[in-house]
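Order of the sequence lines fixes the chain letters, A, B, ..., with proteins taken first and strands second; residue numbering starts at 1 for each chain. Keep in mind the model is a prediction, meaning the values are calculated, not measured.
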Protein chains: 2
Amino acid sequence: MTLEHAILGFLDRGSMTGYDLKTRCFDEAVGHLWTADQAQVYRTLGRLSDQGFVRSRIVAQRGKPDRRVFTITTKGRAELTAWLRRPIDLSPVRDPLLVQLSLAAQLGDHEVLALLERARDGYQARLDTLRAAQADRPSLADAPDARSEALYDMTLVAAMSAARTAIDWVDDCIEKVGRGLPPAAPRATSEGVA
Amino acid sequence: MTLEHAILGFLDRGSMTGYDLKTRCFDEAVGHLWTADQAQVYRTLGRLSDQGFVRSRIVAQRGKPDRRVFTITTKGRAELTAWLRRPIDLSPVRDPLLVQLSLAAQLGDHEVLALLERARDGYQARLDTLRAAQADRPSLADAPDARSEALYDMTLVAAMSAARTAIDWVDDCIEKVGRGLPPAAPRATSEGVA
DNA sequence: GTTTTTTATATGTCTAGTCATATACTTGTG
DNA sequence: CACAAGTATATGACTAGACATATAAAAAAC
């Protein structure tokens, strides 16, 4: 449901095409909070249209393909407002990297270290991207009002502090592994562990 | 692919049933890293069996239903090891709550505050759960060797510091909103925003 | 004494999301 | 001049995951 309402939220700031939503909104503006697949943006727009939450008109262009410009309807605006007031459950943690780490007892210390260092690089790269985004702030879907910007800034800060925390955590782990992990217990001969 | 390999990882510590995997491994031990749907555990076990990564035998019980006990094969163990060494991409952020916040400009300060306070409660509850998990540590699928425990502990610490950071961030936001957010720009009369 | 919980496996259906590919014209790069 | 990249929409096919439901019997709770 998030994609649906995120699209309504963007369209509420100004009418635009599926292409704009994908490139300007999801890739540029909120790529650090939510990514959207192009195919799904168009399919979701179709569904929103069926539900009467958005309306579209075709705008012809010279040279370039026709644009199908979507506009939020009164009904769509009502739905958006209702969703904004609706409490959202915390999204459950779902981190393949941590799963891998927790199961990595059979790897040697140096291999665990390599795993952690790759993770560190990843988080660092993410942090750099976020810092760049904060510096030359993308024009959030043509609606830069001060209130939106303040909220947008909060989400940037959230993402950045999460990345920083992750980096610190990885560094701690690297240090711990550097001092040596406890050895693995000898493997059970075969089957009978039950 | 994570569920597949997580299951292989657990079976590597000892043979067990789908039920055990769901309740003892995913719900209890690594619920803070990865949740698994019961239906999907069984279907994934089926697929692993087709691929020759696990083997199963039926064990009859009095009173209770038959158990289908799964054991990892040599091929499965090889696959697990290969996966453990395989670099994993950082999972992209995907946070409905932040999306909601970033689009919430049309809400009043008190409504944004309510949203943030619910989030705070959620993160606090998560942190409490994690602390409890650290205190009476679940017996990680019958294979408590020191190396596994050290790695498991790292993942607990990761989850806890993430939760703590989130709480701090929410508190900052609450304070900021308490001092008043900038007002929203007057809404465009209708269509013509392009 | 009835209901709920626990143990145990399995299928059907649905949604969300991913990946690939098709079309078509323009502009910029090598 | 050829090729890649940008603009723009759309469908087909697939995977992962969520939710509901079925069966079945014992044990525990009310």
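Computed from coordinates, the Leu45(A) CG to dA8(D) C1' distance equals 13 Å when rounded to whole Å. Look at CD on Gln38(A): it is 17 Å from P on dA5(D), rounded to the nearest Å. Rounded to whole Å, atom P of dA16(D) lies 12 Å from atom CD1 of Ile7(B). For Leu3(B) and dG17(D), the CG to P distance is 6 Å, given to the nearest whole Å. Between the CZ atom of Arg67(A) and the P atom of dT7(D) there is a distance of 10 Å, rounded to whole Å. Between the CE atom of Met1(B) and the C1' atom of dG17(D) there is a distance of 13 Å, given to the nearest Å. Across the protein-nucleic acid pair, Asp66(A) atom CG and dA10(D) atom P stand 10 Å apart, rounded to whole Å. Put simply, CZ on Arg57(A) is 14 Å from P on dA8(D), counting in whole angstrom units.
Both Tyr123(A) and Leu127(A) belong to a common hydrophobic cluster when Ile, Leu, Val, Met, Phe, Trp and Tyr are linked at side-chain heavy-atom distances under 4.5 angstrom. No continuous path of ILVMFWY side-chain contacts below 4.5 Å connects Leu48(B) to Tyr42(B), so the two sit in separate hydrophobic clusters. Residues Leu97(A) and Ile167(A) share a hydrophobic cluster, clusters being chains of Ile/Leu/Val/Met/Phe/Trp/Tyr side chains in contact below 4.5 Å.
Residues Asp20(B) and Gln40(B) both approach DNA chain C. Their nearest nucleotides, taken by heavy-atom distance, put Asp20(B) toward the 5′ side. For the pair Pro65(A) and Thr2(A), nearest-nucleotide mapping onto DNA chain C gives the more 5' position to Thr2(A).
Here Thr44(A) lies out of heavy-atom contact (under 4.0 Å) with every strand. Ala39(B) comes within 4.0 angstrom of a base, heavy atoms only. Within the nucleic acid shown, Thr23(A) has no heavy atom closer than 4.0 Å to any nucleic acid atom.
Listed by residue number, there are no residues of residues 88-98 of chain A with a heavy-atom contact under 4.0 Å to DNA chain C.
Remark: aromatic rings of His5(B) and Phe53(B) are distant, center separation not under 6.0 Å.
Contact between the side-chain N/O atoms of Thr17(A) and the OP1/OP2 oxygens of dT7(D) is not found at any separation under 4.0 Å. Phosphate proximity of dA16(D) to Arg43(B): absent, as no side-chain N or O sits under 4.0 Å from OP1 or OP2.
Side chains of Asp168(B) and Thr165(B): a donor-acceptor N/O pair is absent below 3.5 angstrom, by distance only.
Chain A approaches DNA chain C within less than 4.0 angstrom (heavy atoms of the protein), and the contacting nucleotides run 5' to 3' from dA16(C) to dT26(C).
Looking at Val99(B) and Leu3(A), their side chains never come closer than 4.5 Å, going by heavy atoms from C-beta outward.
Under the side chain to side chain donor-acceptor pair (under 3.5 Å) criterion, the residue pairs touching residues 170-185 of chain B are Arg120(B)-Asp171(B), Glu175(B)-Arg179(B), with sequence neighbours excluded.
More than 12 heavy-atom neighbours from other residues, nucleotides or ligands sit within 6.0 angstrom of CG on Asp50(B).
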Pair Arg13(B)-Asp145(B), salt bridge (charged side-chain N to carboxylate O under 4.0 Å, His left out): steps then yes or no = CA-CA 10 Å; Arg13(B) 298 182 174 163; Asp145(B) 77 287; 5.8 Å; no

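To the nearest 0.5 angstrom, Leu11(A) atom CG is 11.5 Å from Arg55(A) atom CZ.
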